[in-house]
Structure formats: structure tokens, C-alpha cells
Number of protein chains: 2
Amino acid sequence: MSEKQPGLRERTRRAVTAEIAASAQRLFVERGFEATTIDDIAGAVGMSQRSVFRYFATKEDIVLGKFDLVMEDMLTALRQRPPGEEVWTSLRHVLDVLISASEAPDKQALVEPIHRLVFETPTLLAGYLQKLQYMQDAVVVLLQDRAEAAGRPYDTADPAPRALTAAAFGCLLAAQHSWLASDAKSTFADAVDRAMATIGPRA
Amino acid sequence: MSEKQPGLRERTRRAVTAEIAASAQRLFVERGFEATTIDDIAGAVGMSQRSVFRYFATKEDIVLGKFDLVMEDMLTALRQRPPGEEVWTSLRHVLDVLISASEAPDKQALVEPIHRLVFETPTLLAGYLQKLQYMQDAVVVLLQDRAEAAGRPYDTADPAPRALTAAAFGCLLAAQHSWLASDAKSTFADAVDRAMATIGPRA
DNA sequence: GTCTAACGTGTCAGTCACTGACGACTTTGA
DNA sequence: TCAAAGTCGTCAGTGACTGACACGTTAGAC
């Protein structure tokens with residue numbers, strides 16, 4: 001059992017990370033993202049500004065950081081789809097990972113306010129879109145690999161896989177808007193379904 | 001002739017703005033966006049840092065600023081489409097405005113390097129995506145107005161118009177990638193056509 | 001033509017996100 | 001038990017940006 005647990009060091013690190021994120025997000029939701037300084041956050045958790053930056057690379061990351069983990073899961077999910085599956089279908093299943101992640105029961109109460117925060121704060125929106133874009137880059141690479149493995153590779157400059165991917169993620173954003181517009185009354189998954197039903201690949 | 005010309009003041013303002021943009025973009029392409037400071041730019045055009053910020057709100061804006069004008073034109077173009085036209089068709093025509101704007105003969109030589117700069121610089125990519133997102137917000141509003149005027153309004157939380165719009169702009173991004181991947185050999189308009197041919201609205 | 005109000009500019013000081021370096025303290029593992 | 005490694009606060013510094021002030025220029029009324 002050389003690797004039994006994450007180790008004490010790693011555990012405390014995660015605990016501190018979570019505590020900073022929790023305090024910061026509360027402040028962000030209360031006062032707004034821009035109006036909250038790193039010093040405010042550092043003060044709220046009783047540490048120095050420098051130490052906050054030892055846990056989060058940027059202020060943005062305090063809000064958007066956990067997204068990276070979800071994105072990893074999404075890529076893993078895509079890799080596990082059957083190679084011959086319709087691209088559009090695979091993409092729908094990839095989004096399912098994000099959906100279930102945002103339905104995590106632990107802090108359900110924060111999901112909607114954080115969502116709104118991201119869409120209402122220009123900086124955060126930009127960062128979120130950027131992350132989604134890089135995610136799409138990774139997805140496109142996987143799709144290209146998959147097509148090549150199936151014996152019908154895409155041309156190097158073929159915009160098709162990226163167009164499909166971008167459309168799917170566009171549906172995600174449309175669904176998020178729709179979900180927020182309905183005051184989170186309907187299911188998020190339902191919004192994604194409705195969005196993805198409006199467009200699709202051409203035969 | 002009370003409003004003959006933009007006036008001397010306005011003219012010099014535009015000239016200085018253009019000069020700063022030209023110098024800055026040269027530096028950005030040479031050294032990279034992050035590696036170029038505002039002081040560098042100010043020095044290159046012989047003015048103070050403070051004055052540069054009197055012409056551009058942010059460093060990002062020096063690169064992405066003119067985009068706002070193109071976006072205005074795109075919205076105007078959308079307003080002039082026939083109200084009964086297929087949404088997807090209208091969107092294709094909206095993108096035409098951007099295409100012809102990037103084919104402007106004046107500084108054709110800069111279009112490709114700037115394009116690459118934006119896609120290779122995380123900050124600029126984020127800012128670009130953010131602008132495109134706000135553009136989509138405006139497009140969606142117009143589409144909703146149009147549908148309402150035609151007597152078949154969208155439901156408030158209907159993700160359809162946003163999904164279609166997002167898909168169209170996703171095709172734009174896919175086309176830009178494809179265009180850059182082919183070393184700008186093919187036409188940009190052609191790349192957009194190919195991207196938009198892969199997906200479309202469902203009956 | 002003159003005068004005044006508006007405008008453009010440089011300078012200075014300040015905020016905020018972020019980074020590197022250092023020294024003190026704590027934990028880990030041989 | 002001791003040395004390597006990790007954590008932390010402090011300090012100093014950079015770079016994007018902002019507000020305030022004083023100075024010179026210019027536009028436009030008269």
C-alpha cells in the first residue's frame with residue numbers, strides 16, 4: 001500500500017483550496033467579482049494575499065478552476081464512446097458529464113448564483129468561453145483520431161469536426177441561457193435536449 | 001453644410017488612433033502580445049502611457065477594437081434581411097459582412113498575422129470570444145423581434161434562436177481555424193461555406 | 001483679431017492582479 | 001534524530017489601468 005491515501009499534505013491542501021473557494025465565492029456573489037479584491041479573500045480566510053495565489057493561479061481560477069476537472073471527465077467520456085457512433089450523438093453524451101457535474105448534490109445551492117455570476121461578469125464570461133474553446137480543441141483532436149482509426153480520416157483543413165463540436169457547445173451555452181432565463185425551473189438536461197434538437201448534422 | 005466633415009479634431013483623433021494601432025500591432029506580431037508593454041507602444045509613437053489609454057480603453061482593445069464596428073455592420077445587415085427568411089440563411093448573410101470586412105484591401109497583409117495572434121494569445125482569444133458572445137446576444141434579440149413581428153414569437157426560454165446563432169458563430173470559428181490551418185490558401189468565404197454545410201437547422 | 005471655453009497632453013500618485021526572492025517555521029521520511 | 005522538502009508571511013517589483021491636476025493649444029463666438 002505505497003499509495004493508500006492522497007497523503008496528509010495533499011489532503012490539507014485540498015481542504016484549504018476548498019475553504020478559499022467557498023469564502024471567495026460567497027464574497028463574489030455578495031459584492032460582485034470585480035468589487036472583491038484578493039486581499040478581501042485573504043482576510044476572510046486569515047492568510048496573506050501571497051498564499052491565496054499559492055492555491056489559485058488567478059482570481060478567475062477561484063471561480064472557474066474546478067471546471068478543468070470536469071473537462072477532463074468529459075474527454076474521458078468521449079474516449080469511451082463507441083468509435084463508430086454518430087459524432088453528434090457522442091457530443092451529446094459528452095455534455096451529459098457536465099450536466100451531471102452541475103447537478104452534484106453537495107453544493108447545489110451555489111450552482112445557480114455562480115452560473116449567473118459567470119454570465120454577468122465580463123471577465124469570467126471571457127475566461128469561461130476560453131476554457132470551452134480549449135476544450136473544443138481537445139475534442140476535435142479526439143474526433144480526428146477516432147475518424148482516422150475508423151479508416152476515414154478528415155482532411156487536415158476540414159472544418160467539419162470543429163463545426164460540429166462548436167455547434168454542440170453552442171447548444172450548451174444556449175441551454176445555460178435558457179435555464180437561467182427560466183429561473184432554473186426546468187431541468188438543465190432538458191434545456192440541452194431542446195437546444196440540440198433544433199440543429200444537427202447534415203447527411 | 002453644418003456637418004460637412006468629421007471636423008479637424010475628429011480627424012486627428014482617428015489618425016492618432018490608427019497610428020497607435022499600426023505601431024502596436026507591428027510590435028505585437030514581432031514580440032508577442034504579452035511581451036509588449038503599453039510603455040513600449042507609447043514610446044514607439046512618442047507619447048505617454050496615459051495618452052495611449054486615452055485612445056484605447058484596454059491593451060486588448062488595440063487589437064480587437066475595430067471589431068466593434070464590424071459587429072455593428074453585421075447587426076445592420078441582419079436587420080435588412082427579409083423577415084420571412086430562414087434563420088440559418090440570414091445568419092449566413094450576417095457572416096458575409098465579417099468575411100468582406102476581413103478581405104478589405106487596405107491592409108490585407110496584416111489580416112493573417114493578426115488572426116494568428118488572436119488565436120495564439122489566450123487573453124486575446126478570450127476577449128474575442130467574449131465579443132462574439134455579446135454579438136450573439138444582440139443577434140438573438142433581433143431574431144426574437146423578427147419572429148414576434150412575424151406573428152410566431154419564440155417562448156421566453158426557448159433555446160432555439162440562441163442555439164442556431166451559436167451554431168452559426170461556431171461555424172465561423174471553425175472556418176477561421178480551417179483557414180489558418182490551410183495557411184490562408186483557400187478563401188475564407190469558402191471555409192465558412194464548408195463549415196455551414198456540415199450542420200443546419202432541423203425541420 | 002481676440003478671448004474664452006473646451007480639448008489634448010504629460011506627470012504624478014495610487015489601486016489591483018500577480019511574481020520572485022528570502023528567511024522562519026513545520027512536516028516528512030530515511 | 002536530522003536533513004530535505006513543503007508552507008507561509010513579508011517585501012519589493014512589474015504591468016495594466018485610473019483619477020487628478022496643471023499646462024499649452026485650438027475652436028468658435030464676438
| query | Under the 3.5 Å rule, do the base of D:dG9 and the side chain of A:R54 count as making a donor-acceptor pair? | reply |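 Answer is yes: a donor-acceptor pair is held.
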
| Is the shortest side-chain N to carboxylate O distance from B:R116 to B:D183 below 4.0 Å? |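 A salt bridge links B:R116 with B:D183.
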
| query | Are any of B:Y55's side-chain N or O atoms less than 4.0 Å away from OP1 or OP2 of C:dT9? | reply |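 Yes.
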
| query | B:S51 side chain N/O closer than 4.0 Å to the phosphate oxygens (OP1, OP2) of C:dG10? | reply |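 Checking C:dG10 against B:S51, a side-chain N or O does come within under 4.0 Å of OP1 or OP2.
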
| task | Dump the intermediate steps for side-chain contact (heavy atoms from CB on, under 4.5 Å) on A:F28 and A:I41, then the final yes or no. | result | CA-CA 9 Å; A:F28 289 157; A:I41 298 165; 3.7 Å; yes

Need one value for [X]: base, sugar-phosphate or nothing, where a base atom within 4.0 Å counts as base even if backbone is also close, heavy atoms only.
X	answer
A:T58	sugar-phosphate
B:T36	sugar-phosphate
A:T123	nothing

| If you draw a 6.0 Å radius around CD in A:E148, do more than 12 non-hydrogen atoms from other residues or ligands fall strictly inside? |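 Result for CD/A:E148: open.
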
Send over the distance from [X] [atom1] to [N] [atom2], rounded to a whole Å.
X	N	atom1	atom2	value
A:L124	C:dA17	CG	P	12 Å
A:R13	D:dA5	CZ	C1'	14 Å
A:R11	C:dT27	CZ	P	14 Å
A:F53	D:dG13	CZ	C1'	15 Å
A:M47	D:dG9	CE	C1'	10 Å
A:E34	C:dC16	CD	P	12 Å
B:E10	D:dT26	CD	P	17 Å
B:I38	C:dG10	CD1	P	14 Å

| query | Of the nucleotides C:dC7, D:dG9, D:dA16, which one has an atom closest to the side chain of B:Q49? | reply |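 That would be D:dA16.
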
| request: Tell me which nucleotide among D:dC17, D:dA27, C:dA17 gets nearest to the side chain of B:K59. | output: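 Taking heavy atoms from C-beta onward, the closest nucleotide is D:dC17.
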
| What would the secondary structure line of DNA chain D be in dot-bracket form, counting Watson-Crick and G-U wobble pairs under 3.5 Å, with [ ] for pairs that cross earlier ones and | for pairs with another strand? | ||||||||||||||||||||||||||||||

| request: Under the side-chain contact (heavy atoms from CB on, under 4.5 Å) rule, what do A:L173 and B:Q136 come out as? Steps first, then yes or no, please. | output: CA-CA 11 Å; A:L173 286 167; B:Q136 289 175 50; over 6 Å; no

| query | Start at the 5' end of DNA chain C and walk down; is the nucleotide closest to A:T37 or to A:R50 reached first? | reply |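 Residue closer to the 5' terminus by nearest nucleotide: A:T37.
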
| Is there a side-chain contact between A:D137 and B:H177, using heavy atoms and a 4.5 Å cut-off? |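 A:D137 vs B:H177: side chains touch.
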
| query | Under 3.5 Å, is there a donor-acceptor pair linking the side chains of A:E34 and A:T123? | reply |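 Present: a donor and an acceptor within the cut-off.
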
| said: Looking only at the side chains, is there a donor atom on one of B:Y128 and B:Q176 sitting less than 3.5 Å from an acceptor on the other? | reply: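 Yes.
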
